[in-house]
Amino acid sequence: MRTAFFGTSKHSRPILEALKNEFDLSLCVTKSDRIVGRSQKREPTKVKKWSRENKIKIFEVDNFKNKEEDLLEALTEQRVDLIIVADFGFIITDRIINAYQGKIVNIHFSLLPKYRGANPVQAAILNGDSITGITYLLMSKEMDAGDILHQIKHPLEGSETTESLYKDLFKIAAQNIPKVIKGYIGGEIEPKKQNPKDATYHFSPSHPKSTYVYKEDARIDWTEDPQNIDRKIRAFYPWPIAWTTLEELEKNSDNRLSEKIKLRENVNKDTTIKIYEAVLEKHGLSPTQVQVAGKSKIGWAEFKNGYCVNQ
RNA sequence: CGCGGGGUGGAGGAGUGGUACCUCGUCAGGCUCAUAAUCUGAAGGCCUCGGUUCGAAUCCGAGCCCCGCAA
């Protein structure tokens with residue numbers, strides 16, 4: 001059997017290796033090189049780099065619609081029997097779904113029908129869920145609504161970041177790929193319908209119709225309790241990173257942070273500060289990694305040394 | 001030449017032409033049964049090259065490096 005992988009995530013590697021080892025991976029479809037960095041450098045995705053190293057044919061997309069024809073051609077040319085999709089970043093068009101009816105397996109990082117959409121991992125962290133998971137499902141025209149092949153539960157302990165959880169889930173997803181694909185192809189796995197009534201979506205507060213993550217949502221709302229702020233910090237790591245202003249940080253340190261801070265006289269209180277990491281303690285939140293606008297990332301102790309007066 | 005911010009002892013920061021300062025750390029000594037506590041003292045610095053000036057961390061030019069923006 002020949003397979004193709006559709007994906008863009010930097011965590012894709014375990015899945016790529018699983019497919020290569022067991023299912024004759026013959027085509028990788030990924031986002032084309034993005035302009036990134038300060039001098040307009042083009043950086044290939046990790047999927048592309050891996051594919052190049054492993055001599056797997058690569059098909060790049062940026063605007064899906066223009067490439068539909070070419071992609072179908074490439075899939076035919078490679079005699080692809082089964083497509084695996086994980087965190088692709090594009091909506092797969094109806095034509096391709098029709099052409100590969102029942103032959104596109106999507107790996108979604110939630111226990112569907114909960115958290116359909118683009119941000120299942122962030123949603124589970126933001127809502128403080130104690131369990132999330134992975135769903136293998138067949139691609140359908142409606143997003144994340146296809147029949148379910150298999151689900152794996154994954155408990156959350158409350159310290160995960162989007163980064164760490166993605167990494168873990170990709171790994172688990174890869175470990176179970178052989179079992180699920182063989183089961184499906186062999187006919188032992190019966191696809192099960194989702195109950196649409198149970199479907200949930202986590203919409204962006206700033207874009208109520210979208211499940212993408214927007215940087216506008218990353219500003220810390222200090223009226224929330226420390227637990228929710230902590231969830232936000234973890235959900236928005238590694239992007240877009242929860243932030244606030246120095247003024248608000250000082251003002252709310254009293255009842256939201258584990259210690260009260262006082263800024264020095266000469267610091268500009270309008271400056272923004274990103275909170276990369278924090279630990280939730282019983283008296284409040286205790287940041288560990290922060291970054292003041294225009295500066296490098298520093299530890300909390302260094303921040304206090306430079307910007308605050310000793311209490 | 002995509003846009004913007006920045007480079008000050010070991011760390012993080014003040015300092016817009018006139019003796020380089022603050023918090024932390026380091027070292028020595030004191031106090032202490034003891035200490036990450038406390039006291040006294042010390043070492044150590046303006047990214048590089050050039051320019052302006054009586055005088056440059058500060059102004060000008062070139063270079064190197066770091067950070068943010070693109071979802």
Side-chain angles (χ1 to χ4, degrees), chain A residues 6-12 29-48 60-64 85-92 109 117-123 125-126 143 161-163 165-166 202-220 232-233 235-247 249-250 253 258-278 286-311:
Chain A
F6 287 25
T8 303
S9 168
K10 65 176 178 179
H11 302 292
S12 300
V29 182
T30 190
K31 206 177 267 187
S32 42
D33 297 358
R34 291 180 298 162
I35 292 171
V36 75
R38 276 157 217 125
S39 46
Q40 294 198 304
K41 287 177 209 143
R42 284 185 172 274
E43 187 69 17
T45 66
K46 292 249 173 145
V47 173
K48 185 176 171 185
E60 296 179 49
V61 276
D62 42 17
N63 185 331
F64 209 87
V85 183
D87 227 35
F88 183 38
F90 296 103
I91 292 170
I92 294 172
F109 296 103
N119 63 356
V121 170
Q122 287 91 344
I125 294 173
L126 282 171
M143 191 193 263
T161 63
T162 295
E163 170 96 344
L165 186 52
Y166 256 118
H202 186 91
F203 293 107
S204 156
S206 64
H207 297 70
K209 287 181 181 169
S210 168
T211 60
Y212 280 100
V213 177
Y214 293 87
K215 55 172 178 263
E216 296 93 299
D217 302 330
R219 182 169 189 163
I220 292 173
K232 215 163 174 175
I233 291 168
F236 292 143
Y237 183 93
W239 188 88
I241 302 297
W243 64 277
T244 186
T245 64
L246 291 180
E247 183 175 22
L249 185 72
E250 178 185 44
S253 63
S258 59
E259 60 184 320
K260 187 173 164 62
I261 59 163
K262 186 166 167 50
L263 295 172
R264 296 185 183 200
E265 293 297 327
N266 45 24
V267 311
N268 180 0
K269 296 190 173 194
D270 294 333
T271 308
T272 62
I273 178 169
K274 289 182 174 177
I275 301 181
Y276 277 75
E277 290 175 12
S286 182
T288 52
Q289 284 282 312
V290 299
Q291 182 172 35
V292 178
K295 298 287 195 170
S296 300
K297 200 194 299 182
I298 55 174
W300 183 242
E302 284 76 35
F303 170 75
K304 283 190 294 180
N305 277 340
Y307 293 86
C308 303
V309 295
N310 281 4
Q311 298 284 306

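Sequence lines set the chain letters: A, B, ... in the order given, protein chains first and strands last, and positions in each chain run from 1.
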Applying a 3.5 Å limit to both distances, which nucleotide forms a Watson-Crick or G-U wobble pair with [N]?
{"N": "B:A28", "value": "B:U40"}
{"N": "B:G63", "value": "B:C47"}
{"N": "B:A34", "value": "none"}
{"N": "B:G68", "value": "B:C3"}

Can you check the [X] [atom1] to [N] [atom2] distance for me, whole Å?
{"X": "A:Gln289", "N": "B:A11", "atom1": "CD", "atom2": "C1'", "answer": "13 Å"}
{"X": "A:Lys262", "N": "B:C22", "atom1": "NZ", "atom2": "P", "answer": "19 Å"}
{"X": "A:Lys304", "N": "B:G13", "atom1": "NZ", "atom2": "C1'", "answer": "15 Å"}
{"X": "A:Glu163", "N": "B:A71", "atom1": "CD", "atom2": "P", "answer": "19 Å"}
{"X": "A:Glu302", "N": "B:G10", "atom1": "CD", "atom2": "C1'", "answer": "12 Å"}
{"X": "A:Ile298", "N": "B:G13", "atom1": "CD1", "atom2": "C1'", "answer": "8 Å"}
{"X": "A:Asp217", "N": "B:A71", "atom1": "CG", "atom2": "C1'", "answer": "13 Å"}
{"X": "A:Ile241", "N": "B:C67", "atom1": "CD1", "atom2": "C1'", "answer": "14 Å"}

Does a donor on one side chain and an acceptor on the other come within less than 3.5 Å for [X] and [Y]?
{"X": "A:Asp217", "Y": "A:Ser204", "value": "yes"}
{"X": "A:Thr45", "Y": "A:Thr30", "value": "yes"}
{"X": "A:Asn119", "Y": "A:Thr211", "value": "no"}

> What class does the angle between the rings of A:Tyr212 and A:Tyr214 fall in, given that below 30° is parallel, 30 to 60° is tilted and above 60° is perpendicular?
Replying inline: perpendicular
> Is there a donor-acceptor pair under 3.5 Å between the side chain of A:Ser12 and the backbone N or O of A:Ser9?
Replying inline: yes
> With nearest nucleotides of RNA chain B determined for A:Gly306 and A:Lys215 from heavy-atom distances, which residue corresponds to the more 5′ nucleotide?
Replying inline: A:Gly306
> Of A:Arg264 and A:Pro240, whose closest RNA chain B nucleotide lies nearer the 5' terminus?
Replying inline: A:Arg264
> If only side-chain N and O atoms of A:Asn266 are considered, is one of them under 4.0 Å from the OP1 or OP2 phosphate oxygen of B:G13?
Replying inline: no
> Does a nitrogen or oxygen in the side chain of A:Tyr212 sit under 4.0 Å from OP1 or OP2 of B:A71?
Replying inline: no
> Looking across every strand, which nucleic acid part, if any, lies under 4.0 Å from A:Lys274 by heavy atom: base, sugar-phosphate, or nothing?
Replying inline: sugar-phosphate
> Across the strands shown, which category fits A:Glu265 at heavy-atom distances under 4.0 angstrom: base, sugar-phosphate, nothing?
Replying inline: nothing
>> Side chain of A:Gln291 only, heavy atoms from C-beta on: which candidate in B:C66, B:G68, B:A71 is closest?
In response: B:G68
> Taking the side chain of A:Asn305 as its heavy atoms from C-beta onward, which of B:G68, B:A14, B:C24 lies nearest to it?
Replying inline: B:C24
Inter-nucleotide [atom1] distance ([N], [M]), Å rounded:
{"N": "B:C22", "M": "B:C60", "atom1": "P", "value": "28 Å"}
{"N": "B:G25", "M": "B:G9", "atom1": "C1'", "value": "11 Å"}
{"N": "B:G2", "M": "B:C54", "atom1": "C1'", "value": "44 Å"}
{"N": "B:A14", "M": "B:U23", "atom1": "P", "value": "15 Å"}
{"N": "B:C24", "M": "B:C66", "atom1": "P", "value": "31 Å"}
{"N": "B:C59", "M": "B:G10", "atom1": "P", "value": "24 Å"}
{"N": "B:G12", "M": "B:U53", "atom1": "P", "value": "36 Å"}
{"N": "B:C47", "M": "B:U40", "atom1": "C1'", "value": "35 Å"}

> Is A:Lys260 salt-bridged to A:Glu250, going by a charged N under 4.0 Å from an acidic O?
Replying inline: no
> Salt bridge between A:Lys48 and A:Glu43, side-chain N to carboxylate O under 4.0 Å?
Replying inline: no
